[in-house]
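Presented below is the structure to which this report refers.
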There are 2 protein chains.
Amino acid sequence: MAKGNKRLSIAHLAQELGLSASTISRALNNAPDVSEATKAQVWTLAEKLHYQPNGLAAALRRGRSNVLGVIVPHITGAFFPAVVHGMEEEASKEGFNVMICQTNEEVAREKKQVEVLLKGQVDGILVAMSKTTYDFAHFERVRSKNIPLVFFDRMPNLANACAVVSDDYRGAYQAVEHLIKQGCRRIAHMAGHQTVSTTHNRYRAYRDALAAHGLPYKEELVIHLPNPSTEAGAQAMTTLLQQPVWPDAVFTAYDFPAVGALEVLDARGIRVPEDIALVGYSDEPFTTMLKPRLTSVDQRAKQMGEAVIQLFLQLLKRPGYGTGQRITLKPQLLIRESSLQKKIFVEKNE
Amino acid sequence: MAKGNKRLSIAHLAQELGLSASTISRALNNAPDVSEATKAQVWTLAEKLHYQPNGLAAALRRGRSNVLGVIVPHITGAFFPAVVHGMEEEASKEGFNVMICQTNEEVAREKKQVEVLLKGQVDGILVAMSKTTYDFAHFERVRSKNIPLVFFDRMPNLANACAVVSDDYRGAYQAVEHLIKQGCRRIAHMAGHQTVSTTHNRYRAYRDALAAHGLPYKEELVIHLPNPSTEAGAQAMTTLLQQPVWPDAVFTAYDFPAVGALEVLDARGIRVPEDIALVGYSDEPFTTMLKPRLTSVDQRAKQMGEAVIQLFLQLLKRPGYGTGQRITLKPQLLIRESSLQKKIFVEKNE
DNA sequence: GTGAAAGCGCTAACAA
DNA sequence: TTGTTAGCGCTTTCAC
C-alpha cells in the first residue's frame with residue numbers, strides 16, 4: 001500500500017477538474033450517464049497523473065470485493081495447478097480475481113485460511129478439503145454468512161453442499177475393468193486415504209468391478225498407502241511381493257505410487273506389463289515418461305476449475321443456494337503400455 | 001462478501017456491551033491499554049456472535065492490506081510452486097497473505113496483473129517476469145508508488161532492481177564441467193529463451209566452460225528451443241542427430257526437453273550415457289523416474305521464496321529501497337546416471 | 001482505561 | 001448530466 005507522497009484520490013481529480021467526486025467516480029467506471037466530454041477529460045487527467053483507484057475502498061463501499069478464495073491441499077503435482085488455472089481463466093472473464101491458499105493437507109491450516117479469506121471479504125470460497133478434515137464447523141460459518149461455498153474434487157460429508165467432482169468411481173471402475181479384460185485375475189489395489197471421497201470412490205469401484213466380474217475380493221491385495229508418494233508405492237509393492245502368490249496387476253489410487261511400484265518391479269526383474277500390469281490415477285505428465293508408459297485416468301482438471309466458477313456464479317445470482325447442486329465430470333481412462341498385456345498398443349483419445 | 005442479514009460490525013458489539021466502538025476495536029486487537037476484564041468480555045461476545053472483522057475496512061483505514069502480490073509465469077512444473085510455497089510460509093510468519101497471479105508468460109497479462117494488484121492495494125509485489133517482457137513501464141509504476149518490488153528467478157534489465165536469483169551461471173558451469181570431466185568433448189546445448197536471464201546465463205556458462213577447458217564452441221551444437229517442452233527437446237535431438245558427427249553429450253537448459261531427447265535417443269537405440277550423456281536443469285521430480293535417472297541442477301526453489309520475503313521485509317522497513325539489493329542462491333548439481341559415462345554411480349548430496 | 005470524533009477512498013441514493 | 005450527502009467498518013488521535 002502506498003506510503004510516501006500522499007495518495008492520489010478521486011477528490012484530487014475532482015478538484016483539479018472542478019467537478020464533483022461522484023462525477024469522477026462515475027466517469028472512471030464508465031457509467032452511461034456521464035457526458036463523453038467529461039469522461040474524456042477525466043480519463044486523460046487520470047492517465048496523466050497515474051491515478052490508481054483504491055480497490056479496497058470501492059470494495060468496502062460496494063460490499064463486494066471481486067475476489068474469490070481458493071483453498072487447495074497443495075499445488076504440487078499437475079492436478080490442482082490445472083484446476084486453479086481453469087478457475088482463473090473463467091473467473092477473470094467475470095472480473096473476479098482468485099486468491100489461492102494452500103493447506104498442506106492440514107485442517108488447522110484450512111481453518112486459518114478460511115478465517116483469512118472471510119476477513120478479506122472474499123465473494124466466495126472454493127475448496128478442495130484437506131485430508132484431515134473431519135468436522136466442518138469452519139465451512140458452516142461460511143455458509144451462515146451467506147458466502148457462496150463450492151467444494152471441488154473432494155466431496156464433503158455435508159448436507160446441501162455444492163460441489164464439482166470428477167466421477168472417480170467411474171474412472172476407477174473402467175481402469176479395473178480394463179485390467180480384467182486384459183486377462184488379469186489377481187488385481188491388487190494401492191488405496192488412498194479412505195476419508196477422502198475421491199480415493200474412497202476409487203477403492204469402492206475396485207471392489208465393485210471385481211465383484212461384477214466374478215473375481216474375489218482379497219484383503220491381502222489391498223494396501224493402504226500412508227501418502228501418495230513414490231516411496232509409499234515402492235513400500236507397498238515390496239509388501240505385495242512378499243506374499244506367496246503375486247498379483248498379476250496393480251491399480252494404484254494415484255500416479256506417484258505407481259512409479260515406486262514400477263521401480264521395485266524393475267529392480268526385481270519383474271516385467272511390466274507382462275508379469276504384472278500397472279494402472280495409476282491422475283494422468284500426471286510424467287506418466288508418459290516412464291518405461292513402460294503408465295496407463296492412467298485423466299481427471300479433467302481444467303474443466304473442473306471452470307465448472308467450479310460457473311457453479312459459483314449461479315450461487316451468486318440465485319437466492320436459494322447451498323441447495324446441494326452437484327456437477328460431476330467424466331474422467332477418461334488413458335490406456336498405455338503398462339497395462340497392455342496383449343501388447344497391442346493403443347493410445348486412446350489423445 | 002456478506003449479503004443477507006445485515007453485517008455484524010464493531011458497532012453492534014459496542015452497543016451490546018455498552019462500550020464504545022474504539023474500545024471494542026482496541027480489545028479485539030489486544031491493545032495493551034484495555035483492561036483484561038473488558039477484553040475478556042469483548043472476546044466472549046465476539047466469539048458467541050461469530051463476529052468477523054472486516055479486513056477491508058481495517059486495511060483502508062490503516063493504509064496497509066497485509067497482502068503480497070506474487071506474479072509468476074505459471075505454476076506448472078515443480079519450480080514455481082515450490083518458490084511460492086517458501087514465500088507463503090515465510091510471509092505468514094509476519095502476518096502477510098500471498099495472492100498468486102499467473103501470466104502464462106504473456107506481458108499483456110503481466111501488465112494486467114500488476115494493475116489488479118495495485119488496485120487491490122497490496123503491500124508489495126514479487127515477480128518472476130514473463131518471457132516476453134521487454135519494457136518495464138508497469139514495474140516502474142509500482143516503484144513510483146513506493147510499493148516494494150522484488151524480482152525473483154528472472155533478473156530484469158532494470159537499474160536498481162531488487163532481486164533474488166539462483167546462480168544459474170554457476171549451476172550450468174558445473175554441469176558442463178562435469179560433462180567435460182566425464183570425458184565428453186563434443187557437448188551440445190539446448191538453449192532457452194535468451195531474453196530471460198536464467199537461461200541466458202546457462203548458455204553463457206556453457207560457452208565459458210567449454211572455452212575454459214580448451215574446447216571449441218560450435219554453432220551447430222547449440223539448438224534454441226522454442227519452448228521448454230518435451231516435444232521441443234525431441235525435435236532438437238532429432239536435429240542434432242542429423243548432423244554428420246554426433247555430440248557425445250547434451251546439456252539442456254530445462255528438464256523437460258531432456259526427456260524428449262532421451263525418448264529420441266532411446267528410439268534410435270543410442271545409449272545414454274554411454275553414447276551420449278545428458279544433463280538437464282531444474283531437478284524436476286520426474287528426473288529420478290527416468291531411465292537412466294537424469295543429472296540435473298537443483299535451483300533451491302523454496303529457499304528462493306523465503307529469501308524473497310526476507311528481502312521484501314527489509315524493503316518495507318528501510319527508507320531507501322529500490323537500491324538494487326541482490327540475493328544470489330547457490331544451485332546444486334545432482335549427478336545421476338544419465339551423465340556418468342564412467343558408470344560410477346554417485347548420488348551427490350541427496 | 002475508555003469515549004468522541006474524524007476520516008481512510010469510494011459509491012449510491014437522491015436532488016437539482 | 002452533475003452535485004450533495006451519507007456512510008461502508010474500521011482505527012486513531014485527542015480528550016477525559
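Proteins come first, then strands; the chains are lettered A, B, ... in the order of their sequence lines, and each starts at number 1.
- Residue H12(A) contributes atom NE2, which lies 9 Å from atom P of dC8(C) at whole-angstrom precision.
- Rounded to an integer number of Å, the gap from CZ of R61(A) to C1' of dG7(C) is 15 Å.
- The CD atom of Q15(B) sits 13 Å away from the P atom of dG3(C) (whole-angstrom rounding).
- Straight-line distance from the CG atom of L56(A) to the C1' atom of dC8(C): 10 Å, rounded to whole Å.
- For L60(A) and dC10(D), the CG to P distance is 9 Å, given to the nearest whole Å.
- Residue S35(A) is classed as a sugar-phosphate contact, given heavy-atom separations below 4.0 Å to backbone atoms only.
- Checked for salt-bridge contact, R141(A) and E47(B) miss the test: no charged N lies under 4.0 Å from a carboxylate O.
- Neither OP1 nor OP2 of dG3(C) sits under 4.0 Å from any side-chain N or O of S22(B).
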*Checking salt bridge (Lys or Arg N to Asp or Glu O under 4.0 Å) for the pair K302(A)/E89(A): CA distance, chi angles, key distance, verdict?*
CA-CA 10 Å; K302(A) 196 177 172 205; E89(A) 284 206 348; 3.4 Å; yes

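- Residue order along DNA chain C, read from the 5' end via each residue's closest nucleotide, puts L19(B) first among L19(B) and G55(A).
- Shortest non-hydrogen contact noted between L117(A) and C101(A) is CD2-SG, 3.9 Å.
- Residue contacts for S25(B): at a heavy-atom cut-off of 4.0 Å it reaches a base atom on one of the strands shown.
- Note: CD1 (I10(A)) to P (dC8(D)) measures 19 Å, nearest angstrom.
- Note on T23(A): every side-chain N or O is 4.0 Å or more away from OP1 and OP2 of dT1(D).
- Looking at the side chain of R26(B), the nearest of the listed nucleotides dC10(D), dA13(C), dT12(D) is dT12(D).
- Put simply, N29(B) has a side-chain N or O that comes within less than 4.0 Å of OP1 or OP2 on dT11(D).
- For the pair L28(B) CG and dC10(D) C1', the computed distance is 11 Å after rounding to whole Å.
- Taking the side chain as every heavy atom from C-beta outward, F96(A) and I309(A) never approach each other to under 4.5 Å.
- If you measure from atom CG of N66(A) to atom C1' of dT11(C), you get 14 Å, rounded to the nearest angstrom.
- Listed pair S20(B) / dT2(C) fails the phosphate criterion, with no side-chain N or O lying under 4.0 Å from OP1 or OP2.
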*After noting the C-alpha distance and the side-chain angles of V308(A) and F151(A), does the key distance pass the side-chain contact (heavy atoms from CB on, under 4.5 Å) rule?*
CA-CA 8 Å; V308(A) 172; F151(A) 291 90; over 6 Å; no

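- Residue D33(A) places its side chain closer to dT2(D) than to any other of dT2(D), dA12(C), dG1(C).
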